[in-house]
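Worksheet for the structure shown next.
In each ligand, atom 1 is the first atom listed, and ligand 1 is the first ligand listed.
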Amino acid sequence: MTGTTLPGTDALRERALAALGAAGVTPQYGEGLTARTPITGEVLFDLHATTASEADEAIAAAAGAFRTWRTTPAPARGDLVRRLGELLRAHRSELADLVTIEAGKIRSEALGEIQEMIDICDFAVGLSRQLYGRTIASERPGHRLAESWHPLGVAGVISAFNFPAAVWSWNTALALVCGDTVVWKPSEATPLISSACSGLLDRAAQDVGAPREVHRLLLAGREVGEQLVGDSRVALISATGSTRMGREVGPRVAARFGRSLLELGGNNASIVTPSADLELALSGIVFAAAGTAGQRCTTLRRLIVHRDIADEVVERLVVAYRKLPIGDPFAEGTLVGPLITAEAAERMRDALNRAEAEGGKVLVGGGRRLAEDAPSAAYAEPAIVRMPEQTAVVRAETFAPILYVLTYRDFDEAIALNNAVPQGLSSSVFTGDQQEAERFLAADGSDCGISNVNIGTSGAEIGGAFGGEKETGGGRESGSDAWRSYMRRATNTVNYSSRLTLAQNVSFL
Ligand code: NAD
């Protein structure tokens with residue numbers, strides 16, 4: 001089931017250097033930040049961490065570049081993103097290598113992440129000619145009422161380890177065509193892929209003659225993130241990460257009347273009804289729950305199954321889980337790679353212990369693999385836990401592959417369970433019954449930002465707006481009209497008559 005031996009840290013270091021070199025980037029060696037790989041759990045490089053004064057200069061540079069970038073025609077801004085998309089296409093394989101080395105994603109998921117970046121670049125290029133405002137019927141004769149959308153300012157992007165490249169691109173491709181400049185503080189766990197992405201954007205800027213300062217990278221820990229959050233030159237903070245982080249960031253941005261876009265933790269559920277196509281449901285469930293080693297914000301964490309089919313569903317899932325190939329994410333056939341750190345594995349163990357204390361039964365998984373080959377790495381067996389009810393541990397997000405199984409009697413109860421958690425990111429129903437499907441999507445159905453039918457909770461396309469409600473933060477990124485978060489709206493009333501008519505028929509003078 002594991003089979004493969006893991007690559008050594010030296011080989012991974014070489015592979016990382018080759019990928020960075022292809023992107024035209026040399027690591028800035030120094031102190032303050034370590035690049036590690038979860039594949040062995042060992043250190044790859046010691047890097048220079050951006051200092052507070054360097055961060056200050058970077059924000060000043062981005063604020064300076066905004067003054068010219070905001071009046072560069074939007075289609076010309078789109079040209080920069082078009083060039084970035086070309087470079088991402090050309091370096092797809094090396095960039096995916098870096099995602100695997102730093103985040104531990106299996107090859108096809110790492111390639112999928114780069115594909116997402118390419119897709120959002122295509123989307124943003126089209127958008128650069130479609131930043132539409134509305135013309136509104138004026139109540140006054142000889143008046144035109146309209147809205148215009150203008151660039152907002154510097155967008156500060158803070159990103160999490162688990163989508164180390166795609167989240168940046170969702171924000172950056174849109175922000176750049178919207179006329180904003182970007183300062184990026186990636187996760188401290190993923191400095192290499194961030195450097196490669198930033199390097200390619202620098203090259204794209206040079207190729208199309210855009211100012212290099214439209215994008216600045218801050219490779220540092222949380223303190224520099226806090227600095228970005230507190231800086232009033234930064235008009236928008238788009239922050240992706242844990243709800244804990246959002247609780248700190250949101251109020252600080254609000255206190256200075258900045259704008260924030262928060263993409264925080266999820267605790268996603270799928271409902272399986274008696275009319276579901278079980279074959280389809282089972283493959284959707286296994287990918288959503290065990291894929292990416294349970295480290296997606298949209299990972300399936302709660303399965304709400306009708307009690308008449310629960311035993312069959314659980315039995316079949318346990319069989320599938322026992323066969324999951326766990327190990328080297330570069331190896332062909334591996335489906336589950338490592339957790340990001342040993343601490344993440346500890347949190348998984350704690351959650352399983354708590355689940356048992358709260359009446360749960362671990363049906364499969366929870367063990368550690370490859371401990372001898374890589375003592376510093378954290379390869380965990382995805383777990384399924386049958387729970388008597390939705391207890392405290394089930395209502396919290398543990399960022400690891402644990403699937404809690406709950407049962408329901410009627411569909412209202414299933415929807416109530418789906419909604420009875422603090423988070424509101426993704427949800428789905430597996431059903432052959434149209435009434436149930438529509439009910440799930442209705443106003444009194446799932447309360448999540450993403451609600452799916454006959455598909456799992458993870459793996460969104462870039463065309464739709466991405467984000468969730470409640471403790472997930474309320475932000476929307478990526479497709480649809482998410483671009484509006486990166487612009488400011490001005491309402492314009494133009495009087496082209498020779499009389500001054502007041503609104504609401506007010507008379508004065
Ligand atoms: P994290 O919250 O530990 O860190 C995320 C980022 O925030 C990092 O860059 C970190 O340095 C920075 N940060 C942390 N505290 C900060 C502060 N007080 N001020 C400024 N910056 C701060 O999250 P993580 O472990 O990297 O990622 C996993 C979490 O992210 C999970 O909860 C997952 O659900 C969530 N996530 C959400 C989405 C989404 O779109 N909703 C997407 C990916 C990940």
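Under 3.5 Å, the side chains of Ser238 and Glu477 contain a donor-acceptor pair of N or O atoms. With no hydrogens or angles considered, no side-chain donor-acceptor pair links Glu102 and Thr190 at under 3.5 Å.
At a 4.0 Å heavy-atom cut-off, ligand 1 touches Arg244 through the side chain alone.
Using a 4.0 Å cut-off between charged side-chain N and carboxylate O, Glu469 and Arg476 make a salt bridge. Between Glu188 and Lys185, at least one side-chain nitrogen of the basic residue sits less than 4.0 Å from a carboxylate oxygen of the acidic one, meeting the salt-bridge criterion. Under the 4.0 Å criterion applied to side-chain N and carboxylate O atoms, Arg36 and Asp46 are not assigned as salt-bridge partners. With salt bridges taken as basic N to acidic carboxylate O contacts below 4.0 Å, none links Glu381 and Arg368.
The distance from ligand 1 to the heavy atoms of Gly265 drops below 4.0 Å at these ligand atoms: 32 (O), 34 (O). Close contacts between ligand 1 and Asn162 involve ligand atoms 43 (C), 44 (C) [criterion: under 4.0 Å to a heavy atom]. Every atom of ligand 1 is numbered from 1 in the order shown, and the set under 4.0 Å from a heavy atom of Glu188 is 8 (C), 9 (O), 10 (C), 11 (O). Of all atoms in ligand 1, numbered sequentially from 1 with element shown, those under 4.0 Å from a heavy atom of Pro186 are 9 (O). The Glu248 neighbourhood of ligand 1 comprises atoms 17 (C), 18 (N), with distances under 4.0 Å to a heavy atom of that residue. Close contacts between ligand 1 and Val249 involve ligand atoms 19 (N), 20 (C) [criterion: under 4.0 Å to a heavy atom].
Note on ring orientation: taking the six-membered ring where Trp is involved, the planes of His215 and Trp168 are perpendicular (angle over 60°, cut-offs 30° and 60°).
Considering backbone and side-chain atoms alike, Met245 places every N or O at 3.5 Å or more from each N or O of ligand 1. The shortest N or O to N or O distance between Ser242 and ligand 1 is below 3.5 Å.
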